[in-house]
Amino acid sequence: MASNKELQVAQKRELDKKEEATIPSRIFVPNADIFETKDGLNVVLEMPGVDKNSVDIRVEDGVLKVDGKLDFSKYRGLQPLYTEYNVGHFSRSFRLSGKIDQGKIAAELKDGVLSLTLPLAEKAKPRAIRVN
């Protein structure tokens, strides 16, 4: 039997706005999973409804910033009968370690899931030292 926690719907967290918004819409923090591999990090973000042409990923001052914009025209004229899913844009940022090769970060968006690959810089990769 499933526990009560498994049956509860996870609520989207709305972004704490620190500046004035010029877009009249809500901005949510996408759920993220981060996995460590021997070659670096994999970051997986949920961004349902976002098209790959509407994703902006950039690194500034050691911070990886990900923004995803929704096309609200898909929702015009719809009258929801029941909703658990709030509609809005997505924004998330991560401070990067100096061990990440910022020039080789790669991204792929498929079925509303954004996957980022953050490779380790060569100098940060483990290496064997030969004894003479």
Relative to each other, are the rings of H89 and F72 parallel, tilted or perpendicular (30° and 60° limits)?
-> perpendicular
From OG (S91) to CE (M47), nearest 0.5 Å = 8.0 Å
Pair D67 + K65, salt bridge at N-O below 4.0 Å = yes
Just jot down the side-chain contact (heavy atoms from CB on, under 4.5 Å) partners of K52, sequence neighbours excluded, or say none.
-> L109
Does a donor on one side chain and an acceptor on the other come within less than 3.5 Å for S73 and D71?
-> yes
Check: L118 and L64 side chains under 4.5 Å, non-hydrogen atoms = yes
State which residues pass side chain to side chain donor-acceptor pair (under 3.5 Å) with D51; sequence neighbours excluded, sorted by chain then number.
-> N53
All heavy atoms of L70 vs all of P48, minimum pair found to be CD2-O, 3.6 Å
Under the side-chain contact (heavy atoms from CB on, under 4.5 Å) criterion, do I34 and F94 qualify, and how do the steps go?
-> CA-CA 11 Å; I34 301 174; F94 303 90; 4.0 Å; yes
Can you name the residues that form a side chain to side chain donor-acceptor pair (under 3.5 Å) with D56, not counting sequence neighbours?
-> R58
Taking all non-hydrogen atoms of both residues into account, name the closest pair between K38 and L120 and its distance.
-> O-CD1, 3.7 Å
Minimal heavy-atom distance between L45 and A32, with the atoms involved, is CD2-CB, 3.3 Å
Do F90 and Y75 belong together in a cluster built from hydrophobic side chains that touch within less than 4.5 Å?
-> yes
Which residues share a side-chain contact (heavy atoms from CB on, under 4.5 Å) with V113, sequence neighbours left out | V44, S115
Please examine the side chains of I105 and L96, heavy atoms only from C-beta on, and report whether any two atoms are closer than 4.5 Å.
-> yes
Spell out, as yes or no, whether a donor-acceptor pair under 3.5 Å connects the side chain of R92 to the backbone of P30.
-> yes
Contacts of D101 that satisfy side chain to side chain donor-acceptor pair (under 3.5 Å) - sequence neighbours left out = none
With side chains defined as the heavy atoms from C-beta onward, is the minimum distance between V66 and L116 less than 4.5 Å?
-> yes
Rounded to the nearest 0.5 angstrom, the CD1-CG distance for I100 and L41 is 4.5 Å
R130: partners by side chain to side chain donor-acceptor pair (under 3.5 Å), with sequence neighbours left out | N132
